[in-house]
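Quick note on labels: first sequence line is chain A, next is B, and so on, each numbered from 1. What you see is a predicted model; the values in this text were computed from it and never measured.
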There are 2 protein chains.
Amino acid sequence: MTTPKRRLPVMADVAREAGVSHQTVSRVLNDHPNVRADTRARVEAAITRLGYRRNLVARALVTKRSRTLGVVSFDTTLYGPASTIYGIEQAARTAGYFVSMVSLKTIDADSVRDAIDYLAEQGVDGVVVVAPQLSASRALESLPAGLPAVAVEGTQHEADVSVVCIDQSAGAKLATRHLLELGHETVWHVSGPPDWMETEGRLEGWRAALEEAGRPVPEPLTGDWSPRAGYEAGKSLASMDGVTAVFAGNDQMALGVLRALSELGVRVPEQISVVGFDDIPESEFFSPPLTTVRQDFDVVGRHCIEVLLRQIDVEASAYERLVVRPGFVVRSSTGPCP
Amino acid sequence: MTTPKRRLPVMADVAREAGVSHQTVSRVLNDHPNVRADTRARVEAAITRLGYRRNLVARALVTKRSRTLGVVSFDTTLYGPASTIYGIEQAARTAGYFVSMVSLKTIDADSVRDAIDYLAEQGVDGVVVVAPQLSASRALESLPAGLPAVAVEGTQHEADVSVVCIDQSAGAKLATRHLLELGHETVWHVSGPPDWMETEGRLEGWRAALEEAGRPVPEPLTGDWSPRAGYEAGKSLASMDGVTAVFAGNDQMALGVLRALSELGVRVPEQISVVGFDDIPESEFFSPPLTTVRQDFDVVGRHCIEVLLRQIDVEASAYERLVVRPGFVVRSSTGPCP
DNA sequence: CCGCAAGATGTGCTCGGTCATATGCCCCTC
DNA sequence: GAGGGGCATATGACCGAGCACATCTTGCGG
């Protein structure tokens, strides 16, 4: 057992123990080539003997690199953000970076700006902003000078930052066309909350797919991503005439729709077909298993880090825009028009 | 527009601008009382004029406090860990702390130890380990000297660290007794994967509740928390005789069970009752809505931070053990024994 | 009107690393 | 055998804050 009050060993202690200068210790730690093999061995022995760990804070002070990335996100309890962040964290750690997190509960330009400032003060080398709302994205227009940043956005919208996004519109088209191909006259939509980029992108793709097929575009129902909102929407839809196909803005709302329809005795997919968006792990086991658009959040997370590191490492690199294409999974919640 | 290459202002710049010493600037920044009001105003004006931001890295070096907490977790994509971390992050930020995250994909004592070391090197003031597996918890026995730590555990198991946990056993008893009170002769259980503390706790509570009622204890089916595992278990259960009540280890597996039963034409709750564990947001909209044990992850997160900060602030505080009691939500997936 | 304590402000060192540069050494070449 | 180049290592400054202590002001009592 070590004496409790003894302070942690520092580089000078290792140097003394190994009979060299602190600079040589530094060289060994940083794999500098010009160190004789036996010296290196002596230093390494001293390091393990003392249980020395380098102080990254001191190092960050002089190198001006903290090797920490900041992540600003909104409601990390949702599957999408949670998965994206997971991907980000894995990729960052693989690249030797720490991840410092801020999850917001209210999302407006000010709180996003505050969060970024907070992280900047801490000395992060760059930030990823997972803020899928239009209002929040305005915060990206006034980044602290010289802070590398990447935004995860829901839609392709020009901006002065690098962006990684999933093509929401393409996903919505996939869903809508699938339903049209099954013979449905048109497709109803339960959208996400206004102001979200995902909502806009999905609305736009859905509308475009209907229009290009020359079909009527029904008034969309507005939800808030929650199963409850889907449930309410489902009840409305069931009471309307001629509804045979529903494209829900996400899987959770699709679950709500399914629940409402089931309660009202409407059979899926025999009477109404339902498609979701996200492909959460549960959706394969809904009743019935949900046909849905697949988003690969993991890939998004990895891309974020790639783009961000490029921006950190190469001086004045251009803004990048990376669009990930969604996939489509057909299960049992969709069928031919009755 | 500022000159691109100019370095960020430091305390000395502010001091010069305000015509005071750097120490006075420091006093203003730290709300030291002994500063004349007009001096303070002059310094504050200089700060905003220069857009000065204090360098927390330098500060951490001298104070030996980074005001950053580390969080080690496993699969932050799952609802439980994600919610816990969300609670932790909120509470930490409210207390003025940053949160640095590491999420593991493999969970064994070594990777947990590595993660903790990694964070310790970065200079975190304390760590929260959300590692609900027995094997991982062994890593807590050899913490870096003097590093305050809190573990989020699934069960009450003696340890040399502070622990915040939800009483899994009590939750399982709630579920089992509820089913017994409805007149079921006994209750089958689909457990989580072995080695998880939650699994152990829930198994134990379920078994205890059955035994204290003098009922037979069927062989539990083992799952892995995934809906698919629940689905497989559900198919097995449906093929067995006399199964009228099932307690699933979590809501996702309950979903799988419901799906399997529905596919096989077994009606819930008329023929078989099902209870889950967690109360994820979706479970209210399962078919049928799921009766389940409610875990308040938010509270767990907040408690973690409270306990950890206490350990950081007060010298040599004793290990604490905080047990959060679960709740129970009755919905439509349970009914009287047929 | 002086003395003294409390208040306001300044000085220099420290935290634990890295960087630039200096120094010593060996070996090779002409 | 002297000069020079490259390697191994040491020395000291420096990053940007805070802390302990020194110093200068002020206000108040006697």
Practice prompt. Indicate whether the side chain of A:Thr68 and that of B:Gln122 have a donor and an acceptor atom separated by less than 3.5 Å.
Written response: yes
Discussion item. Rounded to the nearest 0.5 Å, what separates atom CG in B:Leu50 from atom CD in B:Glu17?
Written reply: 5.0 Å
Worksheet item: Just checking A:Met11: base, sugar-phosphate only, or nothing, at a heavy-atom cut-off of under 4.0 Å?
Response: base
Worksheet item: Under 4.0 angstrom, heavy atoms only, what part of the nucleic acid is B:Arg27 near: base, sugar-phosphate, or nothing?
Response: base
Practice prompt. Answer yes or no: is there a donor N or O on one side and an acceptor on the other, between the side chain of B:Asp313 and the main chain of B:Arg310, under 3.5 Å?
Written response: no
Discussion item. Tell me if the aromatic rings of A:Phe297 and A:Tyr86 count as close, with their centers under 6.0 Å from one another.
Written reply: no
Discussion item. Walk me through whether A:Asp117 and A:Arg113 qualify under salt bridge (charged side-chain N to carboxylate O under 4.0 Å, His left out).
Written reply: CA-CA 6 Å; A:Asp117 279 5; A:Arg113 219 187 317 266; over 6 Å; no
Practice prompt. Scan B:Val20 against the nucleic acid and name what it touches under 4.0 Å (heavy atoms): base, sugar-phosphate only, or nothing.
Written response: sugar-phosphate
Item to complete: Could you grab the distance from atom OG1 of B:Thr24 to atom CE of B:Met11, nearest 0.5 Å is fine?
Response: 9.0 Å
Worksheet item: Can you tell if the side chain of B:Arg54 reaches within under 4.5 Å of the side chain of B:Leu56, non-hydrogen atoms only?
Response: yes
Worksheet item: In residues 60-68 of chain B, what residues come within less than 4.0 Å of DNA chain C, judged by heavy atoms?
Response: B:Leu61, B:Val62, B:Lys64
Item to complete: Please determine, by modelled atom types, if A:Asp114 and A:Ser111 share a side-chain donor-acceptor pair under 3.5 angstrom.
Response: no
Discussion item. Angle between the two end axes of the helix from C:dC1-D:dG30 to C:dC30-D:dG1, five base pairs per end, rounded to 10 degrees?
Written reply: 50°
Discussion item. Tell me every residue that passes side chain to side chain donor-acceptor pair (under 3.5 Å) with A:Arg93, counting only those two or more places apart in sequence or in another chain.
Written reply: A:Glu89
Item to complete: Kindly say whether B:Gln90 contributes a backbone atom to a donor-acceptor pair with the side chain of B:Thr94 at under 3.5 angstrom?
Response: yes
Worksheet item: Going 5' to 3' along DNA chain D, which nucleotides are the first and last within contact of chain B (any atom under 4.0 Å from a heavy atom)?
Response: D:dG16 to D:dA20
Fill in: B:Ser66 (side chain) donor-acceptor with B:Gly123 (main chain) under 3.5 angstrom
yes
Item to complete: May I ask you to check whether A:Tyr79 and B:Tyr79 place their ring centers less than 6.0 Å from one another?
Response: no
Worksheet item: Taking atom types as modelled and ignoring hydrogens, do the side chains of A:Asp195 and A:Ser135 form a donor-acceptor contact shorter than 3.5 angstrom?
Response: yes
Worksheet item: Could you give the start and end, 5' to 3', of the contact zone on DNA chain C for chain B, using atoms under 4.0 Å from its heavy atoms?
Response: C:dA8 to C:dG16
Response to the item:
Interatomic distance, CG@A:Asp298 vs OG@A:Ser83, rounded to 0.5 Å, equals 7.5 Å
Worksheet entry | Any residue of residues 31-39 of chain A with a heavy atom less than 4.0 Å from an atom of DNA chain D | A:Asn34, A:Val35, A:Arg36, A:Thr39
Discussion item. Would you compute the distance between atom OG of A:Ser162 and atom CD of A:Glu153 and round it to the nearest 0.5 angstrom?
Written reply: 11.0 Å
